[in-house]
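Single-structure report; data block below.
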Amino acid sequence: MRPAALDAPRIRASDRRFGLLLLAPSVLLLLLVGLFPLVYTLVVSFQQITLFEVDTSFAGLANYRMLLSDERLWESLLHTAILFSIALPLELALGLAMAQLFLERLPGRQIFIALLVLPTVIAPLVAGAVWRLLLDHRYGPVNQIVGWLWGEEAVLLWTVNPLLVYPAILMAEVWQWTPFMFLILLAALTNVDRSLTEAAEIDGAGFWLTFRKVVLPAIWPVMAVALLIRGLDLARIFDVVYALTGGGPGTMTETISIYTYVLGFRQFETSYTGAIAFLVIAILTVLVVGAVKRMGLAR
Amino acid sequence: MADLAIRALKKSYGATPAVRGVDLTIPAGEFAVLVGPSGCGKSTLLRTIAGLEEADGGSIEIGGRVATDLRPKDRDIAMVFQNYALYPYLTVFENVAFGLRARKLPDAEVRKRVGRAAEMLGLGPLLERYPRQLSGGQRQRVAIGRAIVRDARLFLFDEPLSNLDAQLRDEMRGELKRLHQELGKTFMYVTHDQTEAMTLADRIVVLKDGLIEQQGSPLDLYERPRTRFVAGFIGSPQMNFIPAEVAPGRGLRLSDGRELPLKAGRLAGIAPGAVLIGLRPTHIARAGAQPPATGVARLSVRADLIQPTGARAYVSFRLGGVETTTELEAREAPRLGEEFAVDLDLDRAVLIDPQTDRVI
Amino acid sequence: MTEAGVHARTGTEAAAVPSPAAAGIERPARRLRPRRRTVVLALRLLAAILVTVVFLFPIYWLAIMAFKTADEIFAYPPVWWPGSLNLSNFAVLFRDGDWETVRNSLVLATSSTAIAMVLGTFAAYALERFRIGGENLAVWIISQRMLPPVVIVFPIFLLYVALGWVDTFHGMIVLYVAFSLPYVIWMMRGYIHDIPIELEESAELDGCSRWQILWRVVFPMARTGLFATAVFTFVFVWNDFVFALVLTRTEVVTYTVQVTHYFGGQSNFWAKIAAMSMLGTLPVFFAVATLQRYFVRGLSMGAVKG
């Protein structure tokens, strides 16, 4: 990138006016759909609006105090954290292994890669629906395959059995997004300067040492962005869970996004939802800023 | 003892042959330079010696040990890459130490060796910096440092100076030569620059289309090229190739009918017919007052183009239907369009068979 | 002999210690011989096929479900290869008018993509070339994408109720444009950055107005980037579920929402789920197939350049 200081004198006043003209519609729309909701949510969260009552008087921190004692909220955060901390490493590890598998010459490599893209571009909701079909205890093929491996007929209630709902959601999630990791990591690995790995080879470094000391630092910036994108998506996971379990059985797989949806649009706890929305934004901001700093991505 | 012995080495990329059967022996301690135009297979040959490419056929011996099937790290070699291949996130010290750490040398030994290498290359003040904070020449030194701490038997260089500007290149060239003398190791160096080859090499190996065209000392190749390709490739400015006919008993006849007398016996065993006269620009002089010696032909020509280089000037004129260049003292140079007389030192010319492109 | 020379000799002995070859303890690792290499390649190919089969199987299952007859769908054990190419599941969707949700998705995705591309590219050009707002404005814009849809959609819903925009095309399009803008601006800023500025300067010297520079130089130079970004934007809008779930009722229901209408507590309309999912998925596959080398750049939000 050119240093801004060198460019600065070039930008004339008329350029600036033209630029503002170009920028104005986008910024206005983003303010409308980005900033307005935040401000509005903030205001509402200090009031007492529910399905039955519109009380717009200032209620202080009442809603925020309620957050602390809302067990269902903390459980939904825990559920989100469980999915996050299992799916993200799994997608990364599988994606990396697949990228390594397809890195070198292989007959039909391009065709394989083109096919492996497909799960990632399907609508997440449809992905959930597909796994609903696959996991059906009677008419789905998964139980049939498990039956072959097990030796006897398997009747696993994937979307109902408390022990199986998380594996079910994780299967769908990992299936859909491992190819995303794979594609990005494959591109990153392909871009590693070959002379660096060759120099390491001549210097006597084995596969692991070369990977750790040469390849990993080289692909890290790209890998960090991929982790950030996936991490954010996982933190607000909604569609797959909605399609597969709807948060059930009971509230066992209710993620923070599902809980917010239920509160806001099923129970119309308007003000309290506003408070939760702010909690979520706060958590995400802290996580993202922390991640960006830790991963050395700030540019 | 030979440090590197290559026999019938072959390497292709798919259907494209890159090295087509090379035999080469380099004695211990020699500075060998592989030179040739781009695409001649010189880099492939070097990479095959390093073990980065697998040979399709033939054998490689390094230090008397068959290395054809060994992994690069077991071949006792070190290599300097064209783009230096420095690890951007390691300091200069860690870059130089990388190979030693990979071999799990004790820390004290690593420090000692990196310190010595840094001293030899003047890297001392730079050890804590990162590659991006270095100039091109400094990066080059780090890359060399990384190779020499390894203390390998054979050092490979893949066009290491091609990314430097002209002045730095001259400087580093001198330094490499000094380094070779101090280390006393075998160097194998690839370049497309014949000046680099001439100044650095004990032995030049000219490669063309995956085969060795000729090898020998720089002077040998300069004075006694065996093919038109080598004659044209070595020496700057390039050798002139003037088409002529052998006129039996008389000498050579140019296409404009002018005749060039030769020393008696120079044409012995040469069949009548077409030849190319290979004559270096330095072997064409401006005619003086005294008559030409035997074996020197004096002709009158007209200056078409004059390129002064300072103390000297390249003067071009047409001769035998081709553009011919001579290198003169600047004060001897004619004016543009001026008719002047030149002496062709035919004793030092090579005669080439235009059919086979070989020197007769 | 110089000090360096002495070092060189002692160094040889030191180097010999870590090298097992010189010590004669064990044979140095050999490169794989051609036959072993063939075996390794065959194993890799086998692994590749296995991985691809596993990842494509769910899509295969979706496809055959869409073509199965009712008997085949409710056969036990499940049928892995349908007996005939039965189109009745799709016919039902067209007969009952359910396909209109796909048309709604198409209208919404196409128009919001077009608007977002124009506005977003303008904004990206202003950010990149005139540096308005500096890096802060750019970061604010991309951070808009970080907000969870469920959180944004809640106040938007209240706003839309007040405006009477719920379940309208224009309401959804405004939302989708705003939702797509951060991505479009971010990506197009990268593509515009790659255009040599000299081209624009020379056009200016040739007498082009600013708008002419945009239309005649910037847009044509960035056309592959524009195309790739547009396809991604289209897919994001097409695949949206949360916004449509909350903000549509009957008029502009999209295909993703329609799929969830077939979920039942006890019995699912398997045939409709599968057929509707297929209808919604095929356009995405075709769209993505056109992307080729810009795919990874678009997917990684520019972290990997093509």
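Just the heavy atoms: all of them, side chains too, but no hydrogens, waters or symmetry mates, feed the values below. Chain letters run A, B, ... following the sequence lines, proteins first, then strands; residues in each count from 1.
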**OP:** Sort A:L209 into side chain, backbone, both or neither according to what part of it lies under 4.5 angstrom from a heavy atom of chain B.
**Re:** side chain
Original post:
Shortest non-hydrogen contact from A:L196 to B:P88?
Top reply: CD1-CD, 4.2 Å
Original post:
So, do B:R146 and A:D203 sit near enough that their side-chain heavy atoms are less than 4.5 Å apart?
Top reply: yes
Subject >> Atom CZ of B:R178 with >12 non-hydrogen neighbours under 6.0 angstrom >> reply: yes
Original post:
Which bit of B:L86 comes within less than 4.5 Å of chain A, counting heavy atoms only: side chain, backbone, both or neither?
Top reply: backbone
Original post:
Is there side-chain contact between A:E198 and B:R47, with at least one heavy-atom pair below 4.5 Å?
Top reply: yes
**OP:** State whether the number of non-hydrogen atoms from other residues, nucleotides or ligands found under 6.0 Å of A:I111 atom CD1 is greater than 12.
**Re:** no
**OP:** Provide the closest heavy-atom pair for A:A218 versus B:Y89 in the form atom of the first, atom of the second, distance.
**Re:** N-CE2, 4.0 Å
Original post:
If you count heavy-atom pairs under 4.5 Å with chain B, which of A:T210, A:T197, A:V214 comes out on top?
Top reply: A:V214
**OP:** Search all heavy atoms of A:I202 against all heavy atoms of B:I77 and return the closest pair with its distance.
**Re:** CG2-O, 3.8 Å
**OP:** Give a yes or no on whether the backbone of A:E201 and the side-chain of B:R71 come within a donor-acceptor separation of less than 3.5 Å.
**Re:** no
Subject >> Minimum heavy-atom distance B:F98-A:A200, with the two atoms named >> reply: CE2-CB, 3.9 Å
Subject >> From B:R101 atom CZ to A:K213 atom NZ, the distance as rounded to the nearest 0.5 Å >> reply: 7.5 Å
**OP:** Among the options A:G204, A:G206, A:A205, pick out the one with the most heavy-atom pairs lying under 4.5 Å from chain B.
**Re:** A:G204
